[in-house]
Amino acid sequence: MKVYLESFGCSASQASAEIMKASVERLGHELLSSADTGQAEVYICNSCTVKYTTEQKILYKIRSMGEKGVQVIVSGCMPEVQLEDILHANPEAHILGVNAVSRIGELLSSIEKRRMEGLPGGEHLELRTSEPIGFLNVPRERANPNIHICQISQGCNFACSYCIVKYARGKLRSFPPEEIVKDISSAVAEGCREIWLTSQDDSQYGMDTGVKLPELLRMISEIPGDFKVRVGMMNPFSVLPILDELVDAFDSDKVFKLLHLPIQSASHSVLKNMNRLHKMDTVDTIITKFRARFEDFSLFTDIIVGFCDETDEDFEETIEWVKKYRPEKVNISRYSPRPHTKAFSFRNLDSRILVQRSHKLHKVCEQIKIKSKQEMIGWKGRAFVSKYTEMGDVLTRTDSYRPVVISGSDLKPGEYTKVEITSAKPGYFMGKIVR
């Protein structure tokens, strides 16, 4: 069959998509590109339900594909929490549970059998598992052959009042460390040079089993080969109990000095409404310890603008925090209420306020980014060759994960080189090799 797979959401979702794509091709089906969707006989929608706008886009896609006579499979988070919405949009949509991505072949085989027997689409099929299976040590069809996304756990043990993912993915289940090490070792042997550790919150890893994230990072750092590890998002309240050990674990040549620490807001009253279990002095402690240890260091954060009852004063606290700590990247989201969450019943702000605050924060972040990038011009230091660009240049990354593109070189992924940053582009730096 001709199959088109479209994936939405986070890097964990992207990893699931790569697993499903490999299964599709292994069964002998044809995997279509986005340019050939009109030929699709099966549409696999790997869904995300974090934002209302994404949810609406997905519901439109599964409805319109169904109306064209295409068999639709919906995987990812949405089937776990919005099954009624999916079946209202397309009553014949088939469901693949969020824990069962590696079993996509079973659904495709059932659909193909119906088709070969001349049977109508009929009732939708559902395939679910209670525990996550097939996330490690399985074939992948990687979006980039040099990057391996390793999901280290499923679920979350906390309950932020706005978050629907907790309900979709369930309680924390950390994957065995020896299986993670085996998965990454295989990826390195296959030529991957950049490893992304992903989950709903990397710093929760091992809270349910005993081997915590710092120990896992030490185990990964001992894997032979030329590769670098990017640690994914970590919440302040789950970083704090392992902070000293985590900083030590980051002090490995194989770990990028990148801290993705979502604050969501700098106002304690907003954080309380969000049920975020940290104070801003905790955030300060974490950032200060990382910056004190690592001279070349990057800070990413996430901020939700316009959460329920956020005042102008609350928002200004966040603005001032961004100006003070100057993160290299800020992921800004306008708050959208999600079903099943505690905040769904809270009073929402006028949407015009969200737009105004979002624009203001974007402007502040852009000004900081421009100034920071100008300050980096002339910087010299070591960089790791990550991958080739579409133009045939090489993308290198500094120890702090800053992207530096080098033209006209024969560098290969996995190598180190000394670079000088010569100019700044909107999404990356240009550089040259220095001896």
Side-chain angles (χ1 to χ4, degrees), residues 8-10 12-13 47-59 76-86 88 98 154-172 199-201 203-204 233-240 260-280 282-283 301-319 321-322 330-362:
F8 299 84
C10 61
S13 182
S47 66
C48 172
T49 184
V50 171
K51 297 180 182 180
Y52 175 79
T53 51
T54 306
E55 166 207 298
Q56 291 302 302
K57 183 185 297 183
I58 289 169
L59 292 175
C77 286
M78 277 188 71
E80 308 300 326
V81 287
Q82 292 176 281
L83 181 60
E84 288 185 6
D85 293 332
I86 292 170
H88 183 264
V98 73
Q154 180 85 300
C156 175
N157 275 352
F158 296 91
C160 298
S161 64
Y162 55 83
C163 183
I164 192 173
V165 177
K166 158 82 176 187
Y167 300 94
R169 305 234 175 196
K171 291 184 178 180
L172 175 69
S199 65
Q200 282 66 67
D201 178 0
S203 46
Q204 283 186 48
M233 184 272 286
M234 300 183 288
N235 280 306
F237 45 78
S238 53
V239 167
L240 189 63
H260 185 176
L261 194 75
I263 65 163
Q264 305 302 3
S265 171
S267 163
H268 283 146
S269 63
V270 173
L271 290 173
K272 184 177 180 180
N273 282 343
M274 289 179 168
N275 201 32
R276 299 280 290 172
L277 304 180
H278 70 266
K279 303 288 187 182
M280 293 313 293
T282 296
V283 175
T301 195
D302 301 351
I303 292 174
I304 296 174
V305 170
F307 188 70
C308 313
D309 291 329
E310 180 188 66
T311 65
D312 288 339
E313 292 74 21
D314 293 327
F315 177 65
E316 286 304 318
E317 286 187 65
T318 300
I319 290 286
W321 184 90
V322 170
V330 181
N331 299 312
I332 302 170
S333 298
R334 298 174 191 171
Y335 172 67
S336 59
R338 308 309 299 131
H340 310 293
T341 64
K342 182 179 179 181
F344 193 68
S345 61
F346 293 178
R347 183 180 69 87
N348 296 320
L349 301 181
D350 188 302
S351 61
R352 290 170 294 184
I353 295 176
L354 273 67
V355 171
Q356 292 168 359
R357 291 179 182 171
S358 175
H359 286 167
K360 182 174 181 178
L361 183 55
H362 272 289

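None of these values were measured; they are calculated from a predicted model.
- By the 4.5 Å heavy-atom criterion applied to side chains, I58 and M78 are counted as neighbours.
- Atom CH2 of W321 is separated from atom CD1 of I303 by 6.5 Å, given to the nearest 0.5 angstrom.
- The NZ atom of K166 lies 5.5 Å from the SG atom of C156; values are rounded to the nearest 0.5 Å.
- Minimum heavy-atom separation, L261 to M234: CD1-O, 3.3 Å.
- With values rounded to the nearest 0.5 angstrom, I304 atom CD1 is found 4.5 Å from Y162 atom OH.
- A pairwise comparison of heavy atoms in S13 and F8 identifies OG-O, 2.8 Å as the closest pair.
- For the pair K360/E316, a side-chain contact is recorded, criterion being any heavy-atom separation below 4.5 Å from C-beta on.
- Here R276 contributes atom CZ and S161 contributes atom OG; the two are 10.0 Å apart, rounded to the nearest 0.5 Å.
- Side-chain contact check for H278 versus V283: some heavy-atom pair is nearer than 4.5 Å.
- Using a 4.5 Å cut-off on side-chain heavy atoms (C-beta onward), C77 and R169 make contact.
- Residues Q200 and Q154 have side chains in contact (heavy-atom distance under 4.5 Å, counting atoms from C-beta outward).
- Between N331 and H260 there is a side-chain heavy-atom pair separated by less than 4.5 Å.
- Atom CD1 in I353 sits 13.0 Å away from atom CZ in R334 (nearest 0.5 Å).
- Closest non-hydrogen pair, S269 versus D314, comes out as OG-OD1, 3.0 Å.
- Checked by atom type, the side-chain pair S265/S267 shows no donor-acceptor distance below 3.5 Å.
- Atom CG of residue N275 and atom CG of residue L277 lie 5.5 Å apart, to the nearest 0.5 angstrom.
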- Residues R338, K51; criterion side chain to side chain contact (heavy atoms under 4.5 Å, CB included); working and verdict: CA-CA 8 Å; R338 308 309 299 131; K51 297 180 182 180; 5.9 Å; no

- Task: Test side chain to side chain contact (heavy atoms under 4.5 Å, CB included) on Q204 and F158 and set out the steps.
- Result: CA-CA 10 Å; Q204 283 186 48; F158 296 91; 3.2 Å; yes

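- At distances below 3.5 Å, not a single donor-acceptor pair connects side-chain atoms of S238 with backbone N or O atoms of S203.
- Residues N348 and C308 are in side-chain contact: their nearest non-hydrogen atoms beyond the backbone lie under 4.5 Å apart.
- The shortest non-hydrogen separation linking T49 to I164 is O-CG2, 3.4 Å.
- Within the 4.5 Å cutoff, the side chain of E310 has heavy atoms near those of the R357 side chain.
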- Item | Derivation and outcome, side chain to side chain contact (heavy atoms under 4.5 Å, CB included), residues S336 and T53 | CA-CA 9 Å; S336 59; T53 51; over 6 Å; no

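- Taking each heavy atom of F344 and Y335 in turn, the nearest pair found is N-OH, 4.5 Å.
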- For F237 and L271, run side chain to side chain contact (heavy atoms under 4.5 Å, CB included): C-alpha distance rounded to whole Å, both residues' side-chain angles, the deciding distance at 0.1 Å, then the answer. CA-CA 12 Å; F237 45 78; L271 290 173; over 6 Å; no

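- Note on ring orientation: taking the six-membered ring where Trp is involved, the planes of H340 and Y167 are tilted (angle from 30° to 60°).
- Nearest heavy-atom pair, T318 versus A266, reported as atom, atom and distance to 0.1 Å: OG1-N, 3.0 Å.
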